[in-house]
Each structure stands twice: as C-alpha cells, then as structure tokens.
Amino acid sequence: MKRAPTLNLNNSEQLDIEEQIKTSSKRSPTPTVAALSRRSVAVSPGNTITLPVLGRDITFICKKIDANFVNKATMVYSDNIRLQELLDSDALDDIMPTMTKSGQQFPGIGREISGVIEVADGSRRRKAAILAKKDYLVLVGDLTDKEMDYLSETGNDHRKPSAYEIGMRYKTRLEREFFNNVSQLSEDIKVDRKIIKRCIETASLPIEVIKCFKSPNELSARAGERLAKIYRSHKESVMIIAIELVKIKNELTTEQVISKFETVLPEQIKPKERFFRNGVKATYKTPTDVTFSLKNAPEDLIKQIEQLLERNLDT
C-alpha cells in the first residue's frame with residue numbers, strides 16, 4: 001500500500017466539494033494511461049508496441065486471454081485501490097454495454113508474475129470481461145513496482161475510487177506508516193483531517209451496506225460518516241435492512257437507500273409550542289418537560305410566576 005489518492009476540493013463536478021475524490025499528486029510528464037490506451041488500441045494480439053512509462057520506454061506484447069480463463073490467468077495488482085468485490089454490472093454500467101456488445105475497446109496494462117498476468121491498469125475492464133464472458137486484452141511488459149503504482153493510480157482516473165475505497169487505503173496507511181496519527185497522514189497527502197476521518201468512518205461500514213448502492217461511488221464520505229454512526233448503535237437492524245436492500249437496489253435512488261437505513265433511528269418528536277399574551281411562550285417536550293420563555297413580559301407577571309414557583313418548590 002504505497003500510494004493513496006488525495007482529495008481535491010474542486011467544485012466543478014459535484015455540489016458537495018468536500019466529497020469529491022480526485023488525485024492531486026503531481027504527475028510525471030509521461031503520457032497518461034488514457035493516452036497510452038489510445039495509442040495501443042490498434043495493437044493486435046501477439047504484436048508488440050513500445051510505450052513510455054515514467055520516462056522509460058517499455059516494450060509491451062499484446063496478449064489475448066480466453067474468456068474462460070480471465071479469472072485464473074490474470075489478477076489485479078495488489079496495490080490497486082479498487083475493490084474488486086464491489087465491481088458488478090451496476091458499478092460497471094459505463095463499460096458493460098460496450099463490452100457485452102463489441103468486446104474490449106482498449107487493452108489493460110500489466111506484467112507477468114509466475115505465469116499470472118498482474119493488471120495495473122484495466123481492473124474494471126477485466127471484471128467486465130469476466131461478467132460478459134469476453135476475451136481480455138492486456139499489454140504485458142517488464143514493469144517495476146513504481147511503474148505499476150503509477151499505472152494503477154492514473155488508471156483509476158476514469159472513474160474515481162469511492163470514499164469507502166479511499167477510506168480503506170487511509171486506514172491501512174495509518175496503521176502501517178503513521179502509527180494511527182491522522183495529523184501526520186494529513187500532512188503527508190495534503191488532505192484535510194476532517195475529510196480523512198470521514199472516509200475512514202465510511203470504510204468502517206460492513207461491505208454488505210456498501211453493496212446496497214448501485215455503485216460504491218454513490219455513497220459520499222459525508223453520508224458514509226452518518227451511516228457509520230447509525231451502524232455502530234444499531235448493527236443488527238442495519239444488517240437486516242441491508243439483506244433486503246441489496247435485492248432491490250436497482251429500484252432505489254441513493255437517497256432512498258440512505259433513508260431506509262435511517263428508519264432504524266428512533267422517531268424524533270417535535271416539541272409543541274403554546275403562545276400566550278405579553279410575549280410568553282411555553283415549549284412542551286413532554287407533559288412534564290416544559291420550558292417557559294418570557295420576552296418583554298410585565299414586571300408584575302414575572303413576580304407572580306416567581307412567587308408561584310417559590311410556593312410550589314418549598315412544599
């Protein structure tokens with residue numbers, strides 16, 4: 001777990017700027033993964049292509065993995081922040097139609113380790129190929145860990161990792177590198193402590209709750225923090241709701257899913273208010289929990305109330 005995406009508070013894409021998850025680390029002047037993919041789109045299986053990665057020219061061979069063996073012959077790079085368990089046809093709705101109809105458009109990129117191809121860029125395409133039962137194309141080259149890190153991180157730029165996935169990475173880095181010191185992690189990745197804590201709170205939710213959303217990206221860090229608080233005090237009820245919600249998640253909006261979980265909270269009874277003349281107001285939380293407010297009340301009225309209270313409290 002060497003790298004962690006950071007949060008860029010840019011309000012151009014989302015209404016809630018604090019929840020926007022975007023990599024802000026400085027990029028190498030080498031082409032982006034998207035640019036590399038465009039250059040390699042015409043490469044046929046068995047052919048080679050030389051592409052620059054972090055300033056080094058690397059020769060890749062294009063391999064086609066039979067649809068029946070994609071799951072066993074390939075694996076996702078261990079430091080890729082994307083959680084494969086959360087990738088289903090709903091989370092991959094931007095590429096599944098094309099994959100199903102026409103197959104893969106751009107090859108993934110990775111390296112071969114002990115006979116298995118380790119994919120740095122293209123984990124979503126890999127999962128889509130598995131779900132659609134399509135062949136998987138991947139460019140295989142002699143990549144270093146640093147280059148795999150770069151390709152993995154920039155490859156996720158097409159669809160940003162969710163607050164849940166970001167939070168999982170933050171939790172790991174806190175434990176392994178920063179002895180659970182949030183301030184040090186905040187300084188290292190240049191992300192506000194509050195946002196780090198929100199993502200970590202979101203990551204404390206069981207994955208069964210995250211699966212109730214069509215895509216993990218639908219759950220913002222702010223909403224995730226709220227659900228985490230509900231889960232801590234109503235674990236059993238939340239898990240029961242999750243079992244039912246995951247069956248009908250395609251029928252619900254993000255707000256409706258969150259509202260379903262919020263039904264475990266006790267109903268808040270709004271206090272009743274009664275207004276009297278002379279600026280006197282009584283607020284009734286319960287029949288025996290009443291607050292009186294006097295504003296610009298006559299002095300003799302105040303004295304009468306004081307005398308009444310004194311008589312009753314003295315008995």
Side-chain angles (χ1 to χ4, degrees), residues 32-49 51 60-113 115-141 143 148 151-162 164-165 168 207-208 210-219 245-254 257:
T32 63
V33 168
L36 295 178
S37 295
R38 285 192 293 271
R39 290 173 58 176
S40 61
V41 66
V43 180
S44 302
N47 291 344
T48 61
I49 184 172
L51 299 170
F60 294 90
I61 181 169
C62 184
K63 294 191 176 185
K64 181 172 74 171
I65 312 301
D66 185 273
N68 295 318
F69 301 103
V70 177
N71 199 30
K72 293 183 178 180
T74 67
M75 61 182 287
V76 177
Y77 179 49
S78 60
D79 271 3
N80 192 323
I81 193 172
R82 188 85 63 189
L83 292 178
Q84 300 301 296
E85 190 176 351
L86 292 175
L87 294 180
D88 57 17
S89 11
D90 294 311
L92 297 168
D93 61 359
D94 56 322
I95 60 175
M96 277 300 294
T98 302
M99 180 68 77
T100 303
K101 183 178 180 180
S102 310
Q104 189 176 344
Q105 301 300 298
F106 301 99
I109 305 176
R111 65 186 179 186
E112 190 167 331
I113 301 291
V116 177
I117 297 174
E118 190 178 34
V119 179
D121 166 57
S123 70
R124 297 180 78 246
R125 279 163 280 167
R126 172 184 176 273
K127 190 58 175 284
I130 292 172
L131 293 175
K133 296 181 172 53
K134 296 289 185 178
D135 296 339
Y136 181 64
L137 299 176
V138 57
L139 299 177
V140 181
L143 295 162
M148 290 287 284
L151 292 168
S152 176
E153 184 180 333
T154 56
N156 285 333
D157 281 351
H158 168 67
R159 177 165 287 194
K160 301 297 178 184
S162 64
Y164 181 83
E165 291 162 320
M168 295 293 286
I207 200 165
E208 289 83 359
I210 308 302
K211 287 181 176 180
C212 292
F213 296 89
K214 295 175 185 176
S215 165
N217 294 69
E218 290 189 356
L219 182 62
L245 282 182
V246 75
K247 301 174 184 176
I248 57 171
K249 66 178 182 178
N250 289 327
E251 304 171 17
L252 304 174
T253 65
T254 301
V257 172

Do the side chains of [Y] and [X] get nearer than 4.5 Å, heavy atoms only?
| X | Y | value |
| --- | --- | --- |
| L131 | M96 | yes |
| F60 | L143 | yes |
| P45 | K63 | no |
| I95 | R124 | yes |
| I61 | L139 | no |
| T154 | D121 | no |
| D66 | Y136 | no |

Enter the distance from T74:OG1 to K127:NZ here, rounded to the nearest 0.5 Å. 11.0 Å

Once you round to the nearest 0.5 Å, how far does CD1 of I130 lie from NZ of K134? 14.5 Å

Tell me if the CD atom of E85 is crowded by more than 12 foreign heavy atoms within 6.0 Å. no

So, [X] side chain and [Y] main chain: donor-acceptor pair closer than 3.5 Å or not?
| X | Y | result |
| --- | --- | --- |
| E153 | L151 | no |
| S162 | E165 | yes |
| N156 | S152 | yes |
| N250 | K214 | no |

Shortest non-hydrogen contact from [X] to [Y]?
| X | Y | value |
| --- | --- | --- |
| A91 | L87 | CB-CA, 4.2 Å |
| C212 | V246 | SG-N, 4.0 Å |
| M99 | A129 | CE-N, 3.9 Å |
| V138 | G110 | CG2-N, 4.0 Å |
| R82 | R159 | NH2-O, 2.5 Å |
| N80 | A120 | ND2-O, 3.3 Å |

Exactly one of L92, L86, D90 should register a side-chain contact (heavy atoms from CB on, under 4.5 Å) with D88. Which one does?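 Only match with D88 under side-chain contact (heavy atoms from CB on, under 4.5 Å): D90.
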
The side-chain contact (heavy atoms from CB on, under 4.5 Å) partner of I65 among N71, L137, I117 is I117

What do the steps show when you test K249 against F213 for side chain to side chain contact (heavy atoms under 4.5 Å, CB included), and what is the final call? CA-CA 6 Å; K249 66 178 182 178; F213 296 89; over 6 Å; no

Does any donor atom in the side chain of E218 or S215 lie under 3.5 Å from an acceptor atom in the other side chain? no

Begin with the C-alpha distance, continue with both residues' side-chain angles, and end with the deciding distance and a verdict on side chain to side chain contact (heavy atoms under 4.5 Å, CB included) for M75 and V119. CA-CA 6 Å; M75 61 182 287; V119 179; over 6 Å; no

Given side chain to side chain contact (heavy atoms under 4.5 Å, CB included), test D135 with Q104 step by step and report yes or no. CA-CA 8 Å; D135 296 339; Q104 189 176 344; over 6 Å; no

Report the C-alpha separation of R125 and Q105 in whole Å, then their side-chain angles, then the decisive distance to 0.1 Å, and conclude whether the side chain to side chain contact (heavy atoms under 4.5 Å, CB included) test is met. CA-CA 9 Å; R125 279 163 280 167; Q105 301 300 298; over 6 Å; no

